[in-house]
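Written below as structure tokens is the structure these notes are about.
Whatever order the structure lists ligands and atoms in, that order sets their numbers, starting from 1. All values below were derived from every heavy atom in this structure, side-chain atoms included, with hydrogens, water molecules and symmetry-related copies excluded.
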Amino acid sequence: MTNKLAEIVLAGPRGFCAGVERAIDIVELALAVCPPPVYVRKEIVHNRHVVDELREKGAIFVDELHEVPDDATVIFSAHGISPEVRLEAKRRGLRVIDATCPLVTKVHLEAIRYAREGYTIILVGHEDHDEVIGTMGEAPDRMMLIEHPDQVVDLQVPDPSKVAYLTQTTLSVDDTRECIEALRRRFPKIVGPAKDDICYATQNRQAAVKTLAGDVDVVLVIGAANSSNANRLREVSEVNGTRAYLINDARDIHSEWLEDVRRIGISAGASTPEVLVTEAVEALRRYGEISVREVHVVEEDVRFALPNELEQIARENAKTLPPRSAVVRQGR
Ligand code: SF4
């Protein structure tokens, strides 16, 4: 390889969002105050490193509730669940701690409201994503899913004057705008949230990658293949003309990607721990004298409160809930 690499440019913000921080805190605090075992339904966030670390600390990850024994404690993931799952947990007498991100819950509440008011709801999102499955479950008879603007033409609704739209929280800002514009053209009376439901963290990370893409020769996005927001970051870079790769961690970096590259950009999805960014920087530094700087497009100071169940469980077990700062791990 011709080694020209001289600079690493880090996207800011990158990595953990407030919903992911909260979800991981919930599992760690539950492990501290709940009698074991503590089950987690689905990946708490879409990142293998996070899941493996929590598994090592004692959390048991399952795909479905039937794998959880009666009377056990189960945590629902940050992506949310459908009411059906909640009811099943209640029927089984499971002790539930809900780590659904409050911004996902907001979309569920909007779905419930529109369904109650008699709207047909068009959800813009990715089929099979945990968040979409959960949201669609709020009003399965009233919701339709689209992923692309060209699907709008085929939509058949009972009353075109009574249509609402909602969006998954982790979509591409630009693609979603096109979907909403297509929906507005087809259903001029359509209603929806003030803008869309794409969360602050998704928007900020995409804005940072857009800025970064104009400044570097190639972008590495660190995140899981099943992480919606990490995939969108890679696409944002490509759409803005800069080759980009989605990698799990530093071990996935191929030296041929760096051929003739002087500046390399790094970002990380909302469920990627910062330690993986640090490791990628260290791996790239093995190519020689490389400086590191950061482009920072916006400051984030969002923090979500913990669910009340945790405090209650701690009391019942005569334990004190440790302060959240006490569970913050190195590298987060
Ligand atoms: S990406 Fe957005 S919606 Fe998802 S957990 Fe983070 S803040 Fe919540």
How far is [atom] from the closest protein heavy atom, and which atom is that?
| atom | value |
| --- | --- |
| atom 6 (Fe) of ligand 1 | C17 SG, 2.2 Å |
| atom 3 (S) of ligand 1 | T169 OG1, 3.4 Å |
| atom 1 (S) of ligand 1 | C199 SG, 3.6 Å |

Practice prompt. Measure from atom 2 (Fe) of ligand 1 to each N, O or S atom of C101 and report whether any distance is below 2.8 Å.
Written response: no
Presence of salt bridge, [Y] and [X], under 4.0 angstrom:
| X | Y | value |
| --- | --- | --- |
| D52 | K57 | no |
| D25 | R22 | no |
| D174 | K210 | yes |

Worksheet item: Cut-off 3.5 Å, side chains only: do N204 and E300 have a donor facing an acceptor?
Response: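 Indeed, the side chains of N204 and E300 share at least one donor-acceptor pair under 3.5 Å.
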